[in-house]
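Report on the following structure.
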Number of protein chains: 2
Amino acid sequence: MDEDLKYWYLRDHKLFRTLSFKQMKQLCIIMGFKEAKKGEIIYFSSSDVPRIFVLKKGNIKIVAVDEDGNETIKDIIKKGDLFGELTLETDGESNEYAKVLSDDVAICSFLLSDFEEVLLKNPGLALSYTKIVGLKMKRIKNSYSNLISKDAKTRLVLFLKDWAEKEGTQTGNKVIIENYLTQTDIAQIICTSRQTATQLLNEMEAKGTLLYNRKEIIIADITTL
Amino acid sequence: MDEDLKYWYLRDHKLFRTLSFKQMKQLCIIMGFKEAKKGEIIYFSSSDVPRIFVLKKGNIKIVAVDEDGNETIKDIIKKGDLFGELTLETDGESNEYAKVLSDDVAICSFLLSDFEEVLLKNPGLALSYTKIVGLKMKRIKNSYSNLISKDAKTRLVLFLKDWAEKEGTQTGNKVIIENYLTQTDIAQIICTSRQTATQLLNEMEAKGTLLYNRKEIIIADITTL
DNA sequence: ATTAAAATGTCGGCTAGATTACAATTCCCA
DNA sequence: TGGGAATTGTAATCTAGCCGACATTTTAAT
């Protein structure tokens, strides 16, 4: 791929704003690039060399498979998010893969070792990076405490609010979200059974607070959700 | 407090191994130091200036209070652990405090701003720091997935195993843990009600796999727990 | 168009574990 | 050395939401 294009792919990520043109060039040389279509599965843990990924376009979900073959959604990664060995520490056995949710995605990646070297030469970048990882931790902690103290319905509402805020198109109090998740996905994200999620969504639809279909979710009034 | 003593307090923390004597001296100058006795409460969020803390001795629990006044244990901090604004980002409203569990504790601290400056001058330190934060995130993720997929009994067993591994004194397969937690504490940590925790512990005691009292927990055989 | 595979809708039984409510211990300290 | 507070023990209820078992609808592929 053209080096110049790579440059722009990185340039617009807030993490790399602090870098000079020259430093950026260096990063681009070690950068990998990949595109994929909906439904494709991208393996990124264990087998391969550890990498850090930046999602430049689209949405993916990170799925973990446990000993019994059960699949759990670990994370939804959106445009601009980082994923992979964020902790800078290879963790052996975790069995995870990424599945493309949107029509297509573009992904940049670095080898963990290369990235570490760049961090060592750019303390400012290291600091920004730590903050991004920290932010991620904070979000995880938050959903963790929701899981403990809130019931399924509240969790669904919180999830929808969050989704609407991040990606919805708001007109007045009405918000339209492009829906690339199935109800099974949503259920897994808010940690409940598919049946419960379906029921809750239908309840909300019956009450008129919501309009659900496979293409989009329309929230009548985000303030009263 | 004596600067030299401070030096040694920091010196034996793995995070600071990479620093030169001179750099360490600098850190010590900006370092705060505090001791406290069992039961004391240490406020550290919101009100005060943001800080990073290193627990040098003893155990504390981090407790969060929500709008309704419910207390939840967020974390158990042990000797050598970091706590406070680990994300390097002040987060406004979270209402947390630390309570001393062991007989007494010693705590070092830095202003967040000072620490950031030191990180900027020591990229290696920044990298180590990121790894520590990352490790913490990994642990949180882990207990998160336990919470989802495992029942209360399994969670208790996992917690006990973890505790035993970190702090227990092992002789053969028998492990003795110094017990500074109440059953209410344990219940909160594994996210269940106090009654359920009590019941599970008594069941295990009846089966002879365990011996619980307020001073210590004796696990008959850690391999079959 | 045909059909198989996903995704969604619905229902009743079942259970882990929360909740409420006390009783019995043990600890702490004045 | 007593007495109040904290901790632990036990039991009876109650319920959110999981699970199994379908029917129905939508989508995609041949």
Side-chain angles (χ1 to χ4, degrees), chain A residues 37-41 61 63 68-73 99-103 146-159 179-207 210-217, chain B residues 37-41 61 63 66 68-73 99-103 146-159 178-207 210-217:
Chain A
K37 295 266 166 225
K38 185 168 190 168
E40 261 186 77
I41 286 175
K61 62 176 175 184
V63 181
D68 311 331
N70 300 315
E71 301 202 332
T72 11
I73 291 188
K99 188 167 185 183
V100 179
L101 293 173
S102 51
D103 286 338
N146 281 343
L147 194 57
I148 295 163
S149 55
K150 312 280 200 288
D151 64 5
K153 180 164 189 175
T154 315
R155 258 145 47 206
L156 176 59
V157 170
L158 286 173
F159 167 71
N179 180 20
Y180 48 82
L181 297 174
T182 67
Q183 294 187 357
T184 310
D185 285 335
I186 294 175
Q188 284 184 294
I189 292 168
I190 64 172
C191 288
T192 186
S193 67
R194 198 223 84 220
Q195 290 92 321
T196 308
T198 301
Q199 216 162 310
L200 289 172
L201 282 170
N202 289 341
E203 263 175 40
M204 295 176 92
E205 191 145 21
K207 263 198 263 168
L210 206 73
L211 218 137
Y212 182 97
N213 67 55
R214 292 181 185 191
K215 291 263 173 268
E216 56 184 13
I217 298 174
Chain B
K37 295 265 168 225
K38 185 169 190 166
E40 262 187 76
I41 286 175
K61 61 177 176 184
V63 182
D66 69 5
D68 311 331
N70 300 315
E71 301 203 332
T72 12
I73 292 189
K99 188 166 184 184
V100 180
L101 293 174
S102 51
D103 287 338
N146 281 344
L147 193 58
I148 296 163
S149 54
K150 312 281 199 287
D151 64 3
K153 181 165 189 175
T154 315
R155 258 146 47 208
L156 176 59
V157 170
L158 286 172
F159 166 71
E178 188 211 330
N179 180 20
Y180 47 81
L181 297 173
T182 67
Q183 295 188 355
T184 309
D185 285 335
I186 294 175
Q188 283 184 295
I189 292 168
I190 65 171
C191 288
T192 187
S193 66
R194 196 224 85 221
Q195 289 88 327
T196 307
T198 301
Q199 218 162 309
L200 289 172
L201 282 170
N202 288 341
E203 263 175 40
M204 295 175 90
E205 191 146 22
K207 264 198 263 167
L210 207 72
L211 218 138
Y212 182 97
N213 68 55
R214 291 180 184 189
K215 291 263 173 271
E216 57 185 13
I217 299 174

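Within every chain, numbering begins at 1; the chains are lettered A, B, ... in the order of the sequence lines, protein sequences first and strands thereafter.
Legend: residues meeting side chain to side chain donor-acceptor pair (under 3.5 Å) with Asp151(A), ordered by chain and number and at least two apart, are Thr154(A). Lys37(A) pairs by the salt bridge (Lys or Arg N to Asp or Glu O under 4.0 Å) definition with Asp104(A), not counting sequence neighbours. Residues satisfying the side chain to side chain donor-acceptor pair (under 3.5 Å) criterion with Glu216(B), sequence neighbours excluded, are absent altogether. Take Tyr212(B) and apply the side chain to side chain donor-acceptor pair (under 3.5 Å) test, not counting sequence neighbours, and it matches Asn179(B). Legend: residues meeting salt bridge (Lys or Arg N to Asp or Glu O under 4.0 Å) with Lys61(B), ordered by chain and number and at least two apart, are Asp185(B). Shown here are the side chain to side chain donor-acceptor pair (under 3.5 Å) partners of Ser193(B), two or more places apart in sequence or in another chain: Thr196(B). In this view, Asn202(A) and Thr198(A), Glu205(A) satisfy the side chain to side chain contact (heavy atoms under 4.5 Å, CB included) rule, not counting sequence neighbours.
Pairs of residues two or more places apart, or lying in two chains, that qualify as ring-ring contact (aromatic ring centres under 6.0 Å, His included) and include a residue from residues 180-204 of chain B are Trp163(B)-Tyr180(B).
Of the residues in residues 150-158 of chain B, those lying under 4.0 Å from DNA chain C by heavy-atom distance are Asp151(B), Ala152(B).
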### Task
Please assess Leu200(B) against Thr192(B) for the test side chain to side chain contact (heavy atoms under 4.5 Å, CB included), listing each intermediate value before the final yes or no.
CA-CA 11 Å; Leu200(B) 289 172; Thr192(B) 187; 5.7 Å; no

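Separation of atoms CZ (Arg194(A)) and OG1 (Thr184(A)) is listed at 6.0 Å; rounding is to 0.5 Å. Distance CD/Gln183(B) to CD/Gln188(B): 13.0 Å, rounded to 0.5 Å.
Each end of the helix from dA1(C)-dT30(D) to dA30(C)-dT1(D) yields a helix axis from five base pairs, and these two axes differ in direction by 50° (to the nearest 10 degrees).
When DNA chain D is scanned in the 5' to 3' direction for atoms under 4.0 Å from non-hydrogen atoms of chain A, the outermost contacting nucleotides are dG17(D) to dT27(D).
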## Note on the structure
For nucleotides 4-12 of chain C, 5' to 3', base contacts (B), sugar-phosphate-only contacts (S) and non-contacts (-) with protein non-hydrogen atoms under 4.0 Å give ---BBBB--

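In this structure, Leu156(B) and Met204(B) have side chains that are in contact, with non-hydrogen atoms separated by less than 4.5 Å.
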